[in-house]
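Take a look at the structure set out below.
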Amino acid sequence: MKYIKVEILMPEAFVVELANDLNEAGILKEDCYDYTFSVSRVQGHWRPLEGADPYDGEVGKVQTKEEAKVEFRIREEDLEEVQRIIDRIHPYEVPVVNYIPLL
């Protein structure tokens with residue numbers, strides 16, 4: 001079975017909803033455990049450019065704010081469902097989601 005590590009940067013206020021939806025879909029289950037994910041705090045930096053409709057911040061101004069980095073492992077075949085869940089919950093216009101294949 002092939003696995004992928006998922007890393008998502010997002011406002012902390014959305015982490016619980018994301019974890020609940022992923023867990024209900026069976027994504028965060030590992031053997032006899034569920035809700036298997038990690039969260040760390042990071043400093044996010046961005047500047048919305050002309051034409052952007054930012055969730056947070058103002059066009060043309062550099063923003064710095066604490067964000068949550070959510071990390072978990074998925075089966076390769078769950079990738080599309082995971083992306084659908086992220087798209088439904090994540091508030092950013094262009095979310096940062098990293099999919100890293102694992103050996």
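Positions are given from 1 along the sequence.
- Atom CZ in R47 sits 11.5 Å away from atom OG1 in T64 (nearest 0.5 Å).
- With hydrophobic clusters built from ILVMFWY side chains whose heavy atoms lie under 4.5 angstrom apart, I100 does not share a cluster with I27.
- Side-chain contact between Q43 and K65: absent, with no pair of heavy atoms (C-beta onward) separated by less than 4.5 Å.
- For the pair I74 and D78, the tightest heavy-atom approach, listed with the atom from each and the gap, is CD1-C, 4.4 Å.
- Inter-residue side-chain proximity for L79 and Q83 is flagged as unmet; no heavy-atom pair is nearer than 4.5 Å.
- R41 CZ: 12 or fewer foreign heavy atoms inside a 6.0 Å radius.
- Y92 meets the ring-ring contact (aromatic ring centres under 6.0 Å, His included) test with Y55, H90; sequence neighbours excluded.
- A 4.5 Å side-chain heavy-atom check between F37 and E71 finds every atom pair outside the cut-off.
- Closest heavy-atom contact between E81 and A25: OE2-CB, 3.3 Å.
- Judged by distance alone, the side chain of E67 and the main-chain N or O of L9 form no donor-acceptor pair under 3.5 Å.
- Heavy-atom minimum distance, P54 versus G57: CG-O, 3.6 Å.
- Other residues, nucleotides and ligands place more than 12 heavy atoms under 6.0 Å from the CD atom of E77.
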Problem - E24/N20 under side-chain hydrogen bond (donor to acceptor under 3.5 Å, both in side chains): CA gap, chis, key distance, verdict - result: CA-CA 6 Å; E24 287 174 18; N20 285 340; 5.7 Å; no
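- Taking 4.5 Å as the limit, some side-chain heavy atom of V97 sits within range of a side-chain heavy atom of I8.
- Taken together through direct or relayed side-chain contacts under 4.5 Å among Ile, Leu, Val, Met, Phe, Trp and Tyr, W46 and V59 form parts of separate hydrophobic clusters.
- Between I89 and F14, the closest heavy-atom pair is O-CD2, 3.6 Å.
- Side chain of T36 to backbone of L28: a donor-acceptor contact under 3.5 angstrom is found.
- Rounded to the nearest 0.5 angstrom, Q63 CD and E58 CD are separated by 6.5 Å.
- Under the 4.5 Å side-chain heavy-atom criterion for grouping Ile, Leu, Val, Met, Phe, Trp and Tyr, Y35 is connected to V39 within one hydrophobic cluster.
- For the atom pair CG (L18) and CG (N23), the distance works out to 10.5 Å, reported to the nearest 0.5 Å.
- The hydrophobic cluster containing V96 does not contain I85, counting ILVMFWY residues as joined when their side-chain heavy atoms lie under 4.5 angstrom apart, directly or transitively.
- Note that CZ of F72 and CD of E7 are 10.5 Å apart. Values are rounded to the nearest 0.5 Å.
- Separating the CG atom in L102 from the CZ atom in R73 is a distance of 7.5 Å, to the nearest 0.5 Å.
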